[in-house]
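We count ligands from 1, going down the list as the structure has it; atoms in each ligand are counted the same way.
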Amino acid sequence: MTEKRNNFIRFLAYVRPYWPYILGGIIGGVIRFTVPLFVPQATRYLLDNVFLNEAMTASEKQSQTLWYLGGLIAIFIVVWAPGAFARQYLTTKAGQRAIFDLRGDLYYRILRMSTSFFERNKSGSIVSRVISDINLAQNLVGSALTNVWMDGAAIIVVLIFMFQISIPVTLVALATLPFYAYVFKRLRNEIRASTSRVQEETAIMAGNVQEKIAGSVVVHTFTQEKNEEQKFLQDSERLFSSTMRRAYFQSLNITISGGLTQIAPLIVMLFGGYQVIQGHMTVGDFVAVSLYLNPLYSPIKRFSDLNVVFANSMAALDRIFSIMDQKPDVRNRPNAVKLKQIIGTVVFDDVYFSYTNLPEGEQGPVLEAVNATAEPGQRVALVGPSGSGKSTFVSLIPRLYDVQAGAITIDGLDVRDIDLHSLRHNIGMVLQTPILFSGTALDNLLYGKPNATWKDVKEACKAANAYDFIKALPDGFDTEIGEGGIFLSGGQRQRLTIARAFLNNPRILILDEVTSALDAESEQLIQEALKKLMISRTTFIIAHRLSTIVNADNILVLDNGKIIEAGTHKELLRHDGLYRDLYSRQFASAQSASAVLRQPQVVI
Ligand code: ADP
């Protein structure tokens with residue numbers, strides 16, 4: 001409960017800067033709702049003092065009526081209309097501004113979450129929080145925060161008028177109020193819980209849809225359309241059920257509050273009519289009190305609708321703040337050092353690592369007692385069976401994850417003591433699957449260095465063997481490359497990512513299976529590009545094809561998370577170990593291991 005109250009108070013902090021708009025909205029709202037309250041007073045006056053006044057002549061009655069009604073119309077135009085406009089416009093502005101800030105903060109937090117966060121949460125479900133939860137929260141300002149004041153003021157004014165006309169009738173009119181309070185209380189928690197469920201199911205559905213759309217090629221090639229449709233219908237069914245559960249409570253809320261609103265005038269009519277017959281009230285009083293019932297019960301009914309809005313918005317806020325409260329696993333230490341220029345010595349000192357995003361019991365060590373050193377400018381290759389921990393090893397250098405024991409140092413500094421931004425800025429990663437964004441080729445090249453000069457861009461592209469193909473695109477560097485670079489071939493995408501890495505000029509380079517998914521011609525072009533890219537950078541290379549790493553300064557052979565052999569290509573081939581085994585297996589059909597020893601295949 002306190003946590004929920006805290007979330008509300010935290011949200012108010014977003015609204016607070018825009019209090020002038022809210023105040024304007026409330027004042028507008030009070031005008032909008034109180035001005036019409038003079039209509040029953042005018043009606044009452046006209047009935048009792050004009051129409052039923054035997055002493056007045058017809059023309060006197062006509063001119064009195066005209067004055068009264070003319071005055072009311074003028075008030076509506078001059079006072080009511082600006083009030084109504086201000087109420088709508090200013091409250092929306094306050095709400096949208098607060099939400100603008102909240103959305104910005106949420107996205108800021110999400111962008112800074114660690115890799116494990118994105119592994120735990122599907123991207124579609126994160127998107128659903130940024131968009132649909134935020135929109136729900138907006139209603140809290142748009143209606144809830146301002147309606148409370150407007151409706152509160154309207155109820156007070158109505159009651160003043162009503163009490164002044166007849167105290168007993170007003171008390172009767174209020175007789176149903178305790179029921180309202182009871183219903184509010186009972187239904188609020190149910191609505192909030194079911195809204196949470198609806199939002200949760202929406203996020204799950206969005207996550208699954210996003211994943212399947214992104215992987216539509218696999219869905220098509222495995223002809224899984226029917227199955228996917230079934231799975232979607234199951235998600236949709238769950239969403240339907242939770243939406244209907246919420247609708248049940250909302251309908252109950254609306255029915256009960258609506259019913260009480262309808263019954264109250266009948267009770268008043270009964271009691272008030274009796275008062276008129278007894279001569280305790282005039283006809284004008286009776287009509288005026290009856291006319292006040294709607295302005296009295298509308299805000300009360302809105303209070304009960306507010307119940308729903310409030311419950312829905314709070315459920316959304318709970319989910320938004322639950323993300324914002326998650327601390328990234330990997331974050332800057334208080335006195336993190338900003339690296340200006342690094343030399344490039346990378347040391348793994350007795351490193352242990354296991355993935356914590358897995359369920360308890362499945363979190364076995366992925367790297368154990370790993371020791372390794374890369375001197376500045378050296379090329380260190382990682383070799384080993386699939387799943388032996390090569391990608392994990394390299395992902396620890398830019399701190400995509402933090403080690404559980406031991407340390408990784410760069411130029412003698414523990415990477416956990418280095419400012420994350422400056423650490424990552426000095427490390428370039430080229431992965432097996434090139435990641436590009438929609439936009440032009442140039443946008444993608446400049447992604448890490450928006451202020452690079454045209455000369456630098458050109459040089460980077462030439463070095464990456466990307467210049468000619470980019471120039472040949474329909475609009476050259478300004479060609480839109482599609483989502484994920486879809487309009488380019490695999491080899492072209494990879495050369496673009498290499499050019500992007502060149503432009504950033506990192507001191508440490510990580511190449512993770514860069515050429516494995518490519519044809520021979522693309523591989524040749526990329527190998528040439530990588531050769532240039534690696535010059536004078538400390539480089540870690542993971543390569544499935546061992547022919548690509550024979551020239552490495554040091555080869556680390558990993559098996560089951562441990563380094564079981566290390567040395568140069570020649571040294572490793574002299575031992576009867578895993579490396580020689582892997583190497584000879586790759587070349588078994590063409591050459592024997594000894595022949596390879598005499599004539600090594602040099603690619604780097
Ligand atoms: P390699 O690159 O040698 O193929 P990886 O470093 O990718 O090996 O994987 C090592 C082990 O860690 C494997 O058992 C793999 O299943 C597991 N693993 C890899 N990435 C993750 C992850 N993000 N979350 C959980 N487990 C992972």
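- Ionic pairing of Asp581 and Arg585 is present here: one or more N-O contacts between side-chain nitrogen and carboxylate oxygen are shorter than 4.0 angstrom.
- Side chains of Ser132 and Asn135: no donor on one and acceptor on the other come within 3.5 Å.
- With salt bridges taken as basic N to acidic carboxylate O contacts below 4.0 Å, one links Asp325 and Arg10.
- Within 4.0 Å of atom 19 (C) of ligand 1, at least one protein heavy atom is present.
- Note that atom 16 (O) of ligand 1 has no protein non-hydrogen atoms nearby, at separations under 4.0 angstrom.
- The nearest pair of heavy atoms linking Asp329 to Asp402 is O-OD2, 4.2 Å.
- Between Glu119 and Ser116, the side chains place no donor N or O within less than 3.5 Å of an acceptor N or O (distance only, hydrogens not considered).
- A donor and an acceptor atom, one from each side chain of Thr392 and Tyr355, are located under 3.5 Å apart.
- Between Val366 and ligand 1, no N or O atom pair is found at a separation short of 3.5 Å.
- Shortest contact from atom 23 (N) of ligand 1 to any protein heavy atom: Glu119 OE2, 2.9 Å.
- Both the backbone and the side chain of Thr392 come within 4.0 Å of ligand 1, judged by heavy-atom distances.
- The shell of residues lying under 4.0 angstrom from ligand 1, judged by heavy atoms, excludes Phe353.
- Of the protein's non-hydrogen atoms, Gly387 O, 3.9 Å is the one closest to atom 13 (C) of ligand 1.
- Interface of Tyr401 with ligand 1, defined as ligand atoms under 4.0 Å from a residue heavy atom, comprises 23 (N).
- Gly384 does not count as a contact of ligand 1, since none of its heavy atoms falls under 4.0 Å from the ligand.
- Note on Asp559 versus Lys562: no salt bridge recorded, every NZ/NE/NH1/NH2 to OD/OE distance being 4.0 Å or above.
- Only the backbone of Pro385 comes within 4.0 Å of ligand 1, counting heavy atoms alone; no side-chain atom from C-beta on gets that close.
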